[in-house]
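First comes the structure, then the notes that go with it.
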Protein chains: 2
Amino acid sequence: MSARKPDPRTGDIMLRHWREAVPNDRIAHLIKDSSRGLQRALQMRLARHNVSFGHWVFLRILWVRDGITQRELSEEAGLMEPTTFSALTSMEKLGYLERRKLPHSRKNVYVFLTPAGRQLKKKLVPLAEDVNEIAVQGIDPADVATTRRTLLVMIENIARDESEHADPTRAARMRRMLDVIDNEPTEDTDTKKSTDAFGV
Amino acid sequence: MSARKPDPRTGDIMLRHWREAVPNDRIAHLIKDSSRGLQRALQMRLARHNVSFGHWVFLRILWVRDGITQRELSEEAGLMEPTTFSALTSMEKLGYLERRKLPHSRKNVYVFLTPAGRQLKKKLVPLAEDVNEIAVQGIDPADVATTRRTLLVMIENIARDESEHADPTRAARMRRMLDVIDNEPTEDTDTKKSTDAFGV
DNA sequence: GGCGCATGATTAGCTCTCTAAGCATTTAGC
DNA sequence: GCTAAATGCTTAGAGAGCTAATCATGCGCC
């Protein structure tokens, strides 16, 4: 039900493209396509500085706080440990970070940015700002806010569904994503102001 | 700029979480996270029927129309040909489809669903409907519509950016995505009504 | 103080996606 | 009619993500 009700509210009936009329699906499509688009747009730009999109995710976290374990890094990134592991391995080879064992633990591996890794921030953050700016060009900020709110609820809904479907690992990760989103005050491409606030 | 304007419109100032106040970024985050969430939710369900998420994409297209070439299939899916190729290869092994050369061309390969592949529709489409329904639970349909509209413009913005950045291949794909979105009348999980309309 | 579970790092191997490059066929131009 | 370009399929190889399994260390409990 609920499909293509004529909706006599407004007079622009002809204008009301099916886009707006069709119900639930396609939103998943749109989300996927826009996600891929955004990722590619950033990727293109990062590539010119020899940074892959996968590395970007971890750099962002480390610029805020380094000296943390791989495990913590995984959690903040919302990625599984093997993914983190391989990304860090290649980033270490590129000289962006170092993995060190500290004296008080022979188990944990702590990740530190090198000066090179730290300096990337100045070059890379503006690229992400560009992409975000381009993406929302010409869109009413209120609509962007609505979109943000909607997506957040969708993530919550999906996380709840995952818990109910009894898959503790997945549900936990999903919940972690939400936590991170909630607790990230201003970590990356927010405003110039907040970027400065990190002590770039 | 445009960050955290107080916006005295409403009285719920305290309630206006930073979520709504922060500007451009994080939307990319949210989109990525929700995309992964939606994908995983569907994946979980498809897996129980031995169908991977990658196959779903092509099945959806073929349920509407089969007997098309790999090339056309790639375009409709918005994926590169090698991606299509490998997906089709494994789907053929699973017995969901057949690749046939027709007499009038020794170059083109035409893809046809087998009865098995066609029957999956009845089982799988409801799964996608479930996921979409769960995802938008409790959200004002108007907000979902706004989100859809916003994402569409974002995709357009990114596509335009890609053309400007002189990468014809990428930009072309992005534009194709939009075309497909525009021209897909009722291909999958729309309403029960439209599902029936495909002659399931 | 030692046994065993918990936790962090790693390895192996899978999927999905991409780019780049190859080969085969069809079409177009001279 | 024959060569050259365009088109379609395929192969090869990479990256980013995942799960499952393994190994080492740390910690709790008896």
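Throughout, a chain's letter reflects where its sequence line sits, starting with A, and its residues are numbered from 1.
As a whole-Å value, the separation of B:H104 NE2 from D:dG8 C1' is 13 Å. Residue A:K101 contributes atom NZ, which lies 10 Å from atom C1' of C:dT10 at whole-angstrom precision. If you take CZ of B:F85 and P of C:dG22, they are 17 Å apart, rounded to a whole angstrom. Between the CZ atom of B:R36 and the C1' atom of C:dT15 there is a distance of 15 Å, rounded to whole Å. Residue A:L59 contributes atom CG, which lies 15 Å from atom C1' of D:dA16 at whole-angstrom precision. Taking atom CH2 on B:W56 and atom C1' on C:dC16, their separation rounds to 17 Å, with Å as the unit. To the nearest angstrom, C1' of D:dC18 lies 11 Å from CD of B:Q39. Distance, A:L102 CG to D:dG26 C1': 16 Å, rounded to whole Å.
In summary, B:E75 and B:R71 engage in a salt bridge, as defined by a charged side-chain N under 4.0 Å from a carboxylate O. A salt bridge does not link B:D143 to B:R148: none of the charged nitrogens lies less than 4.0 Å from a carboxylate oxygen.
If A:S105 and A:F53 are placed on DNA chain D by their nearest nucleotide, the residue sitting closer to the 5' end is A:F53. Taking for each of B:E81 and A:Q70 the nucleotide of DNA chain C with the nearest heavy atom, the 5'-most of the two is the partner of A:Q70.
Residues A:L120 and A:L113 have side chains not in contact (no heavy-atom distance under 4.5 Å, counting atoms from C-beta outward).
The two atoms that bring B:T84 and B:S74 nearest to each other are OG1-OG, 2.7 Å, heavy atoms only.
Of the candidates D:dG8, D:dG26, C:dT17, D:dG26 carries the atom nearest the A:K107 side chain, counting heavy atoms from C-beta on. Nearest to the side chain of B:V109, among D:dC18, C:dC18, D:dC9, sits D:dC9. When distances run from any side-chain atom of A:P82 to the nucleotides C:dT11, C:dA24, C:dT19, the shortest one goes to C:dT11. Side-chain atoms of A:S52 lie closest to D:dA16 of the nucleotides D:dC9, D:dA16, C:dC18. Distance from the side chain of B:M80 is smallest for C:dT19 among the nucleotides D:dG26, C:dA9, C:dT19.
Base engagement by A:T83 is indicated by at least one non-hydrogen atom pair under 4.0 Å involving a base atom. Among the protein residues, A:S90 comes within range of no part of the nucleic acid, since none of its heavy atoms lies under 4.0 Å from any strand. B:K32 comes within 4.0 angstrom of the backbone, heavy atoms only, and of no base. B:S86 comes within 4.0 angstrom of a base, heavy atoms only.
The side chain of B:R99 places an N or O atom within less than 4.0 Å of a non-bridging phosphate oxygen (OP1 or OP2) of D:dT10. The side chain of B:R106 places no N or O atom within less than 4.0 Å of a non-bridging phosphate oxygen (OP1 or OP2) of D:dC9. Between B:R40 and D:dG17, a side-chain N or O to OP1/OP2 separation shorter than 4.0 Å is absent.
Paired with B:W63 under the rule ring-ring contact (aromatic ring centres under 6.0 Å, His included), one option of B:F58, B:Y96, B:W56 passes, and it is B:W56.
Within the cation-pi definition used here (under 6.0 Å to the ring centroid, within 45° of the axis), A:R99 does not qualify as a partner of A:F112.
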